[in-house]
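Written out below as structure tokens is the structure these notes cover.
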Amino acid sequence: MANTQAMATSFKTELLSGIHALGTTVIRAGTGADTFKAALYLTTATLDASTTAYSSSNEVSGTGYSAGGITVTNATAPTSSGTTAYWTPSANFVYTTVTLATAFDAVLIYNSTQSNKAVSVHTFGSQTISAGTFTLTMPISDATNALIRIA
């Protein structure tokens, strides 16, 4: 049997847990999980892989919606299966009793504990809502479907 070049799966999971710092890092004051938030953005926004941090520019606004979005329920630790590390929030994103009259189609997940650094952008079909509840249903947390996967 020969050696095989690969990134250690345990390393991928540990990256999601903030174990490794391959560059300049922040000083960690505790061992608890950071606070993540989910903010909604207008269809005219230009969020993508180059987005580095939360910004209120082109974020939705309306009755019942607070700038910065909602706090993500983070009760599920990152894990791995096969060679893929993954994580999904432990609850759906629910924006209750909101009126968002201007079309929106994206959510930015960001780390509010770490200077509002961007984590990921997720898009969906264009939406508007009037005095209702908007829910983004989280996928199954597994190596194929999780919201964040490192393969």
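Everything numeric here is computed off the predicted structure, so don't read it as measured data.
- Counting heavy atoms from C-beta on, the side chains of P89 and L147 come closer than 4.5 Å.
- Atoms CG and OG1, on D34 and T113 in that order, are 4.0 Å from each other to the nearest 0.5 Å.
- T13 approaches P78 most closely through the heavy-atom pair CG2-O, 3.7 Å.
- Inter-residue side-chain proximity for I109 and F93 is flagged as met; some heavy-atom pair is nearer than 4.5 Å.
- Taken to the nearest 0.5 Å, the OG1 atom of T128 stands 12.0 Å off from the CG atom of D105.
- The two atoms that bring I150 and L16 nearest to each other are CD1-CD2, 3.8 Å, heavy atoms only.
- In terms of heavy-atom proximity, N58 sits nearest to A45 at CB-CB, 3.6 Å.
- Both I148 and M138 belong to a common hydrophobic cluster when Ile, Leu, Val, Met, Phe, Trp and Tyr are linked at side-chain heavy-atom distances under 4.5 angstrom.
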Which donor-acceptor pairs under 3.5 Å do the side chains of residues 60-77 make with protein atoms, sequence neighbours left out?
unit_1: Y65; atom_1: OH; unit_2: L40; atom_2: N; d: 3.0
unit_1: Y65; atom_1: OH; unit_2: E59; atom_2: OE2; d: 2.7
unit_1: N74; atom_1: OD1; unit_2: W87; atom_2: NE1; d: 3.0

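- No single ILVMFWY cluster, assembled from side-chain heavy atoms under 4.5 Å apart, contains both L15 and Y86.
- Across every non-hydrogen atom of T99 and A131, the tightest pair is OG1-N, 2.8 Å.
- Contact of the K37 side chain with the Y54 side chain is not registered, since no non-hydrogen atoms from C-beta on lie closer than 4.5 Å.
- In this structure, the separation between OG1 on T88 and CZ on R149 is 8.5 Å, given to the nearest 0.5 Å.
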Could you pull out every donor-acceptor pair under 3.5 Å between side chains of residues 115-126 and any protein atom, sequence neighbours left out?
unit_1: S120; atom_1: OG; unit_2: H122; atom_2: NE2; d: 2.7

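- No donor-acceptor pair under 3.5 Å is formed between the side chain of N92 and the backbone N or O of V94.
- Taking hydrophobic clusters as Ile, Leu, Val, Met, Phe, Trp and Tyr residues chained together by side-chain heavy-atom distances below 4.5 Å, L47 does not share a cluster with L42.
- Of the inter-residue distances, the one linking T102 atom OG1 with Q127 atom CD reads 13.5 Å to the nearest 0.5 angstrom.
- Of all non-hydrogen atoms in T84 and A151, the two that sit nearest each other are OG1-CB, 3.7 Å.
- Criterion: ILVMFWY side-chain heavy atoms under 4.5 Å apart, direct or through other members. Under it, Y110 and Y95 are not part of a common hydrophobic cluster.
- T51 has its side chain out of reach of Y41: every pair of non-hydrogen atoms, C-beta onward, lies at least 4.5 Å apart.
- The backbone N or O of T83 sits less than 3.5 Å from a side-chain atom of K12, completing a donor-acceptor pair.
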